[in-house]
There are 4 protein chains.
Amino acid sequence: MPKLGMETLRRRQLIEATIDTIHEVGFANASLQSIARRAGVSPGLVAHYFRDKEGLLEATLRQLSSDLGHGAARRLAQAASPYERLLAVVEANLEPSQFDRRIATVWLAFWGQVLHSPRLRRVQMVYEKRLVSNLRHAFRRLVADDEAARLAEATAALIDGLWLRATLSVEPSDADEARATVRRFLHGNLPAAALPHGA
Amino acid sequence: MPKLGMETLRRRQLIEATIDTIHEVGFANASLQSIARRAGVSPGLVAHYFRDKEGLLEATLRQLSSDLGHGAARRLAQAASPYERLLAVVEANLEPSQFDRRIATVWLAFWGQVLHSPRLRRVQMVYEKRLVSNLRHAFRRLVADDEAARLAEATAALIDGLWLRATLSVEPSDADEARATVRRFLHGNLPAAALPHGA
Amino acid sequence: MPKLGMETLRRRQLIEATIDTIHEVGFANASLQSIARRAGVSPGLVAHYFRDKEGLLEATLRQLSSDLGHGAARRLAQAASPYERLLAVVEANLEPSQFDRRIATVWLAFWGQVLHSPRLRRVQMVYEKRLVSNLRHAFRRLVADDEAARLAEATAALIDGLWLRATLSVEPSDADEARATVRRFLHGNLPAAALPHGA
Amino acid sequence: MPKLGMETLRRRQLIEATIDTIHEVGFANASLQSIARRAGVSPGLVAHYFRDKEGLLEATLRQLSSDLGHGAARRLAQAASPYERLLAVVEANLEPSQFDRRIATVWLAFWGQVLHSPRLRRVQMVYEKRLVSNLRHAFRRLVADDEAARLAEATAALIDGLWLRATLSVEPSDADEARATVRRFLHGNLPAAALPHGA
DNA sequence: CATGAATGAGTTTTCATTCAT
DNA sequence: TATGAATGAAAACTCATTCAT
């Protein structure tokens with residue numbers, strides 16, 4: 001009998017190697033050989049676990065997306081008020097790890113590819129929809145439905161835009177500042193009663 | 001009207017073909033042969049005008065960036081007040097042509113590559129800096145310097161985020177709505193005196 | 001009925017899977033992995049029973065050849081006259097099962113390989129020699145030796161040619177017609193005394 | 001301006017190299033690299049002229065088929081009677097060059113592949129139909145239509161079978177003997193009036 | 001100025017085989 | 001016996017680049 005539990009281990013190894021490789025050389029230059037070399041396995045093994053390169057890329061994007069989703073879910077579970085739910089979403093999407101260049105550059109690389117790969121597209125849409133839907137649900141408890149929809153879209157755009165500009169910038173990113181910007185936006189657009197006391 | 005030299009004509013042809021090709025097959029699949037075929041010239045010609053593939057890509061990104069810059073400059077020249085200058089920047093960056101998929105998908109593809117190509121990087125930074133600096137200049141006439149800096153960053157992020165989400169979305173983009181969102185943001189963050197009468 | 005040992009069972013499984021696979025995807029695309037998958041075993045098992053791929057292919061061709069040989073032997077055992085012996089050979093080689101595409105396409109695929117694999121070659125030669133030698137023996141009882149040799153070669157060629165053209169044709173094969181053609185040939189080339197009464 | 005007339009030359013070179021390579025190592029082992037090496041060009045050039053490997057193989061089979069077809073056409077043009085037309089077809093298909101191992105083994109290799117490649121199939125069918133249709137036309141001038149059809153099929157099978165057995169055999173092939181066998185078959189199945197005087 | 005032939009490295013993918021379990 | 005993980009070589013194919021014409 002062959003070694004057990006290899007599958008999970010190998011899949012992780014390869015996904016991590018994919019992230020590292022894309023981070024270092026970019027999407028277009030991330031060859032299977034370079035990824036396999038970094039993972040310390042032979043290139044043929046990719047086929048064994050992911051069928052082909054696109055399978056590996058899809059799994060990698062899925063990993064990034066689910067890491068982000070879990071962060072948000074964890075924070076949402078602890079939120080006691082609609083406002084805290086909003087903050088939970090903001091903080092999950094703008095937490096320091098999301099500004100970590102290793103992760104951020106890979107997200108960005110995928111965004112450039114997503115429009116041309118149906119499989120990646122599907123994964124990306126989950127992220128996109130989830131962000132705005134989380135926000136909209138929270139807003140609905142605080143303002144009228146149409147206003148909630150507008151605010152959700154605007155907040156999502158602000159979050160993504162802050163993240164994007166920070167990632168594209170040469171200067172080191174400041175997650176705190178980004179979150180403060182979104183908080184200011186929320187405070188300017190929510191009724192006072194919705195805000196925490198003393199805010 | 002001056003007759004265009006062969007050089008200018010060919011360069012345009014190839015840049016347009018590059019945009020079309022990246023739009024259709026994505027950055028990773030845009031080969032010089034496919035670009036040349038679409039431009040109706042031989043692949044060898046690219047070397048003549050752009051030295052190599054990266055030269056053509058750089059020129060293409062430069063084209064996109066300068067088209068956008070000219071739109072902003074034109075609008076800024078007609079702006080009569082700081083508020084109108086803000087609107088000018090917003091409108092230039094969110095005008096319908098920027099939501100046109102042919103252009104938008106190519107911008108996005110470049111963003112994914114920019115971090116891994118110094119030459120593309122340099123071009124991209126011009127766009128990034130220009131947007132926030134245009135905004136900051138206008139804000140400075142209306143609010144204190146540190147608030148102007150904050151607002152400029154937030155507005156730039158909102159603009160980029162709205163554009164990004166619209167481009168990544170499957171639903172048709174609505175430039176008007178995006179601009180209205182930014183206007184609402186401005187109205188909520190500027191002193192009443194800065195806004196046009198009756199707004 | 002003797003219980004089949006595991007070995008015999010597995011070997012049969014794998015040979016049948018080889019036939020099915022070559023039939024469906026052709027010789028060049030019949031990989032060990034696809035064969036093993038179809039047989040429901042792991043690819044490593046092939047080495048156990050056949051040492052390597054060529055061993056499996058050789059065993060498969062041997063199987064095809066011996067099936068055909070047994071059919072001929074059975075019919076020959078029941079033949080009461082030289083003419084009936086001729087018919088037995090003809091009928092064995094042109095019986096409907098030999099026109100069955102599953103078998104026929106695999107025979108054909110092997111013929112294309114036989115010249116380049118000594119091991120396959122050896123198996124193939126058994127078939128080739130057996131056919132003509134069976135025919136020659138029967139003819140010798142009916143005509144002079146040199147005529148018997150000529151007739152045996154011609155009959156063998158006619159049999160193989162009819163089978164080949166039927167297999168390569170798109171139209172459904174008709175075993176009866178093929179056999180009638182050979183019978184007509186025999187009747188035209190044998191002395192009347194050799195033929196059954198009333199033929 | 002690039003060199004002219006390269007296309008025809010290169011295509012020939014590559015087709016000849018394909019024939020030689022298949023002849024020597026078999027269909028399954030004829031890699032593009034080995035073919036290109038033999039042709040003295042780089043492997044990438046195959047794509048330039050034939051798009052992909054199947055394109056080269058198809059062109060090669062087409063070449064074999066058309067060489068054979070031209071031989072038949074030339075002989076048919078000189079045939080003065082239906083009987084001579086029959087002989088023309090027989091001789092074209094069984095002329096010594098068709099028994100040349102370099103050509104014969106390649107034909108055989110293709111036959112093994114033809115059932116699994118639609119493109120090769122189409123080319124092969126031209127050969128198959130042409131042979132029997134040439135024969136049938138000639139037979140129709142000599143015997144009744146249904147008998148002509150039967151004889152054409154049988155003669156075609158005899159031709160292919162003789163060629164096949166000679167090609168598969170280890171012994172050196174004798175084209176003359178093969179043709180004599182077919183002639184005997186014709187003589188045995190045609191009315192005396194159809195045969196040349198003194199035959 | 002422009003072609004397109006040609007290269008050769010590089011990419012993904014496939015595969016027979018080996019081997020620890 | 002049997003598995004399936006893993007390898008490493010080889011396959012087809014793609015592509016940026018060069019160059020003679």
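Proteins get letters first, then strands, A, B, ... in listed order; numbering begins at 1 in each.
Atoms CG and CG, from C:Leu45 and C:Leu56 in turn, are 10.5 Å apart once rounded to the nearest 0.5 Å. Note: B:Phe110 CZ to B:Tyr127 OH = 14.5 Å, rounded to the nearest 0.5 Å. Atom CD1 of B:Ile35 is separated from atom OG1 of B:Thr60 by 7.0 Å, given to the nearest 0.5 angstrom. In this structure, the separation between CD on B:Gln113 and CD on B:Glu54 is 9.5 Å, given to the nearest 0.5 Å. With rounding to the nearest 0.5 angstrom, the CG atom of A:Leu108 is 13.0 Å from the CD1 atom of A:Ile103. Note that CD of A:Glu128 and CD of A:Gln124 are 5.5 Å apart. Values are rounded to the nearest 0.5 Å.
A donor-acceptor contact shorter than 3.5 Å is absent between the side chain of B:Ser65 and the backbone of B:Leu61. Side-chain N or O atoms of C:Arg11 include one that pairs as donor or acceptor with a backbone N or O of C:Tyr49 at under 3.5 Å.
For the OP1/OP2 pair of E:dA2 and a distance below 4.0 Å, the side-chain nitrogens and oxygens of B:His48 include no atom meeting the criterion. OP1 or OP2 of F:dA5 has not a single side-chain nitrogen or oxygen of A:Arg10 nearer than 4.0 Å. The phosphate of F:dG4 has neither OP1 nor OP2 within less than 4.0 Å of any side-chain N or O from A:Tyr49.
With E:dT7, F:dT14, E:dA5 as the choices, the nucleotide that has an atom nearest any side-chain atom of D:Val41 turns out to be E:dT7.
With sequence neighbours excluded, the residues that form a side-chain contact (heavy atoms from CB on, under 4.5 Å) with D:Gln63 are D:Ile15, D:Ser66, D:Asp67.
When rounded to the nearest whole Å, the span between CD of B:Glu58 and P of F:dA16 equals 17 Å. Between the CD1 atom of A:Ile35 and the P atom of E:dT11 there is a distance of 11 Å, rounded to whole Å. Rounded to a whole Å, the CD atom of D:Glu7 is 10 Å from the C1' atom of E:dA5. When rounded to the nearest whole Å, the span between CG of B:Leu9 and C1' of E:dA2 equals 14 Å. If you measure from atom CZ of B:Phe27 to atom P of F:dT14, you get 20 Å, rounded to the nearest angstrom. Whole-Å rounding puts the A:Arg37 CZ to E:dT11 C1' distance at 13 Å.
Only at 4.0 angstrom or more do the heavy atoms of residues 107-119 of chain A sit from any atom of DNA chain E, so none qualifies. A heavy-atom distance below 4.0 Å to DNA chain E is reached by none of the residues of residues 11-23 of chain A.
Among the heavy atoms of the strands, none lies under 4.0 Å from C:Phe50. When heavy atoms are screened at a 4.0 angstrom cut-off, D:Val46 is found touching no nucleic acid atom at all.
In this structure, the side chains of A:Ile19 and A:Leu64 come closer than 4.5 Å at one or more pairs of heavy atoms. Counting heavy atoms from C-beta on, the side chains of A:Leu57 and A:Arg119 never come closer than 4.5 Å.
At a cut-off of 3.5 Å, with distance as the only test, a side-chain donor of B:Arg10 or B:Gln13 sits close to an acceptor on the other residue.
Base pairing in DNA chain F gives the following stems of 3 or more Watson-Crick or G-U pairs, range against range and under 3.5 Å: E:2-21 with F:2-21.
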Exercise. Start with the C-alpha distance between D:Glu16 and D:Arg102, add both sets of side-chain angles, then the distance that settles salt bridge (charged side-chain N to carboxylate O under 4.0 Å, His left out), and finish with yes or no.
Key: CA-CA 10 Å; D:Glu16 289 301 312; D:Arg102 180 172 170 276; 2.4 Å; yes

Polar atom pairs between nucleotides 8-12 of chain F and protein, under 3.5 Å, N or O only, would you list them?
{"residue": "F:dA12", "atom": "OP1", "partner": "D:Lys53", "partner atom": "NZ", "Å": "2.5"}
{"residue": "F:dA12", "atom": "OP2", "partner": "D:Leu32", "partner atom": "N", "Å": "2.9"}

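Under the side-chain hydrogen bond (donor to acceptor under 3.5 Å, both in side chains) criterion, the residue pairs touching residues 27-48 of chain D are D:Thr21-D:Arg38, D:Glu24-D:Arg38, D:Ser31-D:Ser34, with sequence neighbours excluded.
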